[in-house]
Amino acid sequence: AQSVAQPEDQVNVAEGNPLTVKCTYSVSGNPYLFWYVQYPNRGLQFLLKYITGDNLVKGSYGFEAEFNKSQTSFHLKKPSALVSDSALYFCAVKRATDSWGKLQFGAGTQVVVTP
Amino acid sequence: GAVVSQHPSRVICKSGTSVKIECRSLDFQATTMFWYRQFPKQSLMLMATSNEGSKATYEQGVEKDKFLINHASLTLSTLTVTSAHPEDSSFYICSASPELEQFFGPGTRLTVL
């Protein structure tokens, strides 16, 4: 069975500083990896995904993530954080051959960007 | 990207009543939709897989008689919380996948008094 770990419950960063949200995963076979963002009382918004190809994936709102197979990580990064980036971030993984019902979410990381 | 809508966005009901939540795929057809439940500051928990034209598949521990799912068309799935109680209060989110992405609805906040 697959699993996802987001080791930090909360990440605090000052506006303009780099933002990193960590994610490690465990899955047998090829993984599909995703990052989603959730604002209060809203659904999940897709940020980016890794399916295949380049390990560095660029997504919405200036976010990017790097797939590292040897470290089984898929950390989310943004070079310069904005106050509006404050939200709850979820990493998710499924095995490439599995259905969407097997999509496994991490516990989420609350990002707080201070002015 | 594809759009998934949910209605209502927020509902408050009395204990013992039933509440229906709709999930629609607006610009694609979805033979499968998913229903999640999310508690405050927690991750999403898959409740069930909604299959068009057939019975839903429920995750372990989810009461199928409590959470009725109907997927009557390729663009609509409904979740009915029957005889709701305060412990059913939660944020319910649906999703669907046209291709290699999973699109989520905006969620429905259910509060049972």
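Note on naming: letters A, B, ... go to the chains in the order of the sequence lines (proteins, then strands), and numbering restarts at 1 for each one. Every heavy atom of this structure was used, including side-chain atoms; hydrogens, water molecules and symmetry mates were not.
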(request) Side chain from CB out, backbone as N, CA, C, O: work out which of these in B:E59 comes under 4.5 Å of a heavy atom of chain A, or both, or neither. (result)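 B:E59 has no heavy atom closer than 4.5 Å to chain A.
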Connected via hydrophobic side-chain network under 4.5 Å: [X] and [Y]:
X	Y	answer
A:L48	A:V111	yes
A:F34	A:V37	no
A:V93	A:V21	yes
A:I51	A:L47	no
A:L103	A:Y25	no

Chain A contacts: which residues in [range] have a non-hydrogen atom closer than 4.5 Å to it?
range	result
residues 74-95 of chain B	B:F91, B:I93
residues 46-57 of chain B	B:L46
residues 61-69 of chain B	none

(message) Which one wins on heavy-atom pair count under 4.5 Å against chain A: B:S97, B:A96, B:G107?
(response)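 Top option by heavy-atom pairs under 4.5 Å: B:S97.
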(request) Looking only at non-hydrogen atoms, find the nearest pair between A:F105 and B:S43 and report the distance. (result)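 Minimum heavy-atom contact is CB-OG, 3.3 Å.
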(request) Would you give the length of the straight line joining atom CG of A:L88 to atom CD of B:Q42, rounded to the nearest 0.5 angstrom? (result)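 Interatomic distance, A:L88 CG to B:Q42 CD, rounded to 0.5 Å: 11.0 Å.
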(message) Looking at A:Y61, I'd like to know if its OH atom is crowded, meaning that more than 12 non-hydrogen atoms belonging to other residues, nucleotides or ligands lie closer than 6.0 Å.
(response)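 Counting neighbours around OH of A:Y61, 12 or fewer heavy atoms of other residues, nucleotides or ligands fall under 6.0 Å, so no.
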(message) Applying side chain to side chain donor-acceptor pair (under 3.5 Å) as the test, list every pair that has at least one member in residues 50-60 of chain A; sequence neighbours left out.
(response)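 Every pair satisfying side chain to side chain donor-acceptor pair (under 3.5 Å) with a residue in residues 50-60 of chain A: A:K58-A:E64.
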(message) Need one label for A:Q45: side chain, backbone, both or neither, based on atoms under 4.5 Å from any heavy atom in chain B.
(response)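 The answer is neither part of A:Q45.
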(message) What I'd like to find out is whether the side chain of B:Q102 reaches to under 4.5 Å of the side chain of A:Y36, using heavy atoms alone.
(response)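 In contact.
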(message) Counting heavy-atom pairs under 4.5 Å with chain B, which one of A:A107, A:G108, A:S99 comes out on top?
(response)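 Most heavy-atom pairs under 4.5 Å with chain B: A:A107.
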(request) Please find out if less than 6.0 Å separates the ring center of B:F104 from that of A:F46. (result)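 So the answer is no for these two rings.
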(request) Quick one: do B:L44 and A:L44 satisfy side chain to side chain contact (heavy atoms under 4.5 Å, CB included)? Show the steps, please. (result) CA-CA 10 Å; B:L44 279 70; A:L44 273 65; 3.7 Å; yes
